[in-house]
Each structure stands twice: as structure tokens, then as C-alpha cells.
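Each remark here refers to the structure printed beneath this line.
Whatever order the structure lists them in is the order used to number ligands and atoms, beginning at 1.
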Amino acid sequence: MEGEFGIGRFGGSMPVESVQALTARLDKEIPERYIRPEMEEEVVSYINGDGDDEIPVIDFNKLVNPEFSSKEACKLHLACADWGFFQLINHGISEDTIEKMKVDITEFFKLPLEEKKKVAQPPGEIEGYGQAFVNSEDQKLDWADTLFLTSLPQHLRLMMLWPTNPPSFRETLNSYATEVKKVADQLFRAISKNLGVNSGKVADVMEGGVQMIKFNYYPPCTNPDKVIGLSPHSDAVGLTMLLQVSEVEGLQFRRDGGWLAVKPLPGAFIVNIGDVIEIMCNGKYKSVEHRAMVNIEKERLSIAAFHTVNFGDIVGPIPEMLEEGDHVRYKSLEFQEYMKQFYKSRLEGKSLLDRMKVNV
Ligand code: OGA
Ligand code: NI
């Protein structure tokens, strides 16, 4: 199965050692490739998310209830326009599904390396167990392992990369993916409506779009201030719905020149606007750079569900959304081509988006 729907459809990544395995055999010294000098040079003001700097909270139940939806939609618009990040509560995804997903992915990462490697990324592929964005021998590495899988639409799944250990994994992921996608589609509807002018188009495209799920495993690190769990980046998709598996914090996003640490509310999803929405709406909403830090003694797991367009769709400003006198600020690229661009270089801020910009 090669080509459009098969192995290597988004490009690949050079294989590197599992960080979890590395952590297990390491006594003190962190290998040079993981030491990030920028962590020392960078002058950042940490904002703690209290008072005015509290990340917006959107109540999904209110958003879809006609009695409350207009007020909640206003809040959603502000969250998208001013923050690019929000927490989603009362999303209606069954607790059972969420719990099973958390348990199964925790079990998966606990398996011996050889067992996990049964679903290792094949050469030239970024799906499966491994790491992405490694494109050179001397490049700095992130302190994390991942399991990355296309989950929807069903015919795009690379089933041989879906774990069968724990035995319930596939069924659990199928239910999780389906439930999360429903919520994402409703969010796209609400976002579309907020964007105005013929903007149902955004939701129409996204409804038939691709969902990819990335499980991130961040092992603890004796020197957490010297490494990065996940390099600063924006997501090259429409919308990301992130679930933390435990209470261990680590996600930070750019806000007022500093990094704002996210303290997830119990049961909430952390949602963020990705580059594809920024491009489609010609910059009305912006994707926001974020990164993940690691903990000194506790491992951290997160589940990112990415929602984007489908093969054959164009990532570009939607013509119907351009108002008179608007400059077209971004180029257009077919989805697969766009994704290949994303995985071709190392993960670096909003660099893909910068390359998509038209000089106006
Ligand atoms: C991602 C991401 C953050 C986290 O996977 O794109 O931003 O907290 N993850 O794991
Ligand atoms: Ni991200």
C-alpha cells in the first residue's frame, strides 16, 4: 500500500532511540542531543493563569443549546480571536470512553520496548510508534515518544500500526475517535457561524476531513529545565482537542510575549486553533505557538486529536470568506502536499505558516 493512502503519504522521520528506554538506562547525564541551550538564553515571563489571564472556558452544552448558544458563541469568538486556546467543558463525551482511552494508552506505553516496536513507524512513515520531525543527524531532539495514528475516515487507517496490545486498544480508540470527531464537527459549525459570510464552508470541508490522534509520552527528566518535551510549534491542522491523561502539567502557550502554563480543569479538553483555520479564514483567527515541558519525577501523557481537511482538499483562504478589499494573505496547497511540507523540516514555531504567507 504505497502512495496517496498508504505508507509515507505525509513523509517520514529519521528513527531515533525511544526516550522512555533512554531514561530507563540513564543514570545522570542527559545526552547532548537533548540539551536545549535556548532554554537558558530565552528570557521568558511565566504567566500563571490567574485573574485576567485565565484561559477561556467554553461550555459545549450551552454552545449547542438554542437557549444559551448565542452568548456562548460570543465567548467562543473571543476565545478564538484573542486567545487561540480554550478549555472545553460539558462536551458530552462519555466518561467511560475517556477513561478506557486513558487506561489503554497508559498500558501501551508500559509494555516492553520490543512489544511497542511491533507498531513502530515503518521507514519513511510518521505514523506508528516513534518520533516525528527528525530530519538530520545533528538536530536537537525532544524528550518524548509518540504513537501517531490516522483515525478517521476509517478507510485511511493504517491498521497494521494500530496496537493489539492491550487487546481492547483498537476498539477503545475507535470509540474515542468517533466521539471526539462529533464534538470537533460541532465546534467547526460554531466557529464557521462566528466567522460570518458564507462561512458554513469551513465546517462543510472539515466535516469530511481527516482526524489524526497523537499519543504523547513524556518521561520524567532529572534536569527538566534543560530539555523540551515538545518543541515550540503551532499545529498544522484545523483544530486540536487535547486530553491530559493525568494531572501532571506541561503544556504552555504564547501569550503576551511569555509562556502561559495551562492548568486543565478536570474532565476538560484543551482546544486550540491550528494553522489550517488561520489560513482558511485568511488570518481572522490565528494559530498560537505552544510547547510541552517535562516533569522532574512524574511521567506525563497527553492525547492530541487533530482535525483537518481531507486528501484532495485545498488548504487555502476560502474565497467566499474574503471581503471586498481583503488581500489574500496565504498561498493555497493541496492537503497532502501541505502535510509533506510540515513533516519535511524540524518542528519550529510557526515556520510552515510563514512559508504559506503571501507578501502583501
Ligand atoms: C501536540 C501538542 C501538547 C501536550 O501534540 O501537538 O501540542 O501537552 N501537545 O502534549
Ligand atoms: Ni501541538
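Annotation: angle subtended at the Ni ion (ligand 2) by His233 NE2 and His290 NE2 is 90°, to 10°.
In this pair, Phe109 and Tyr217 present their aromatic rings parallel. The plane angle is below 30°, not in the 30 to 60° band.
With no hydrogens or angles considered, a side-chain donor-acceptor pair links Gln131 and Asp145 at under 3.5 Å. Judged purely by distance below 3.5 Å, without hydrogens or angles, the side chains of Asp275 and Ser287 pair a donor atom with an acceptor atom. Checking Ser302 against Gln244 by side-chain atom types alone, no donor-acceptor pair falls below 3.5 Å.
The distance from ligand 1 to the heavy atoms of Asn216 drops below 4.0 Å at these ligand atoms: 5 (O), 9 (N), 10 (O). Remark: ligand 1 atoms within the under-4.0 Å shell around heavy atoms of Leu251 are 3 (C), 8 (O). Of all atoms in ligand 1, listed by their number and element, those nearer than 4.0 Å to a heavy atom of Ala304 are 5 (O). Every atom of ligand 1 with a heavy atom of Lys214 under 4.0 Å away is listed here by number and element: 1 (C), 5 (O). Ligand 1 places these atoms under 4.0 Å from at least one heavy atom of Leu242: 3 (C), 4 (C), 8 (O), 9 (N).
Heavy-atom distances between Arg300 and ligand 1 reach below 4.0 Å in at least one pair. The shortest separation from a heavy atom of His233 to ligand 1 is under 4.0 Å, placing the residue in contact.
Residue Lys100 places its NZ atom among 12 or fewer non-hydrogen atoms of other residues, nucleotides or ligands, all under 6.0 Å distant. The local environment of NZ in Lys298 is sparse, with at most 12 non-hydrogen atoms from other residues, nucleotides or ligands closer than 6.0 Å.
At a heavy-atom cutoff of 4.0 Å, ligand 1 is contacted by the side chain of Leu230 but not by its backbone.
Using a 4.0 Å cut-off between charged side-chain N and carboxylate O, Glu17 and Arg25 make a salt bridge.
Looking only at N/O/S atoms, Asp235 comes nearest to the Ni ion (ligand 2) through OD1.
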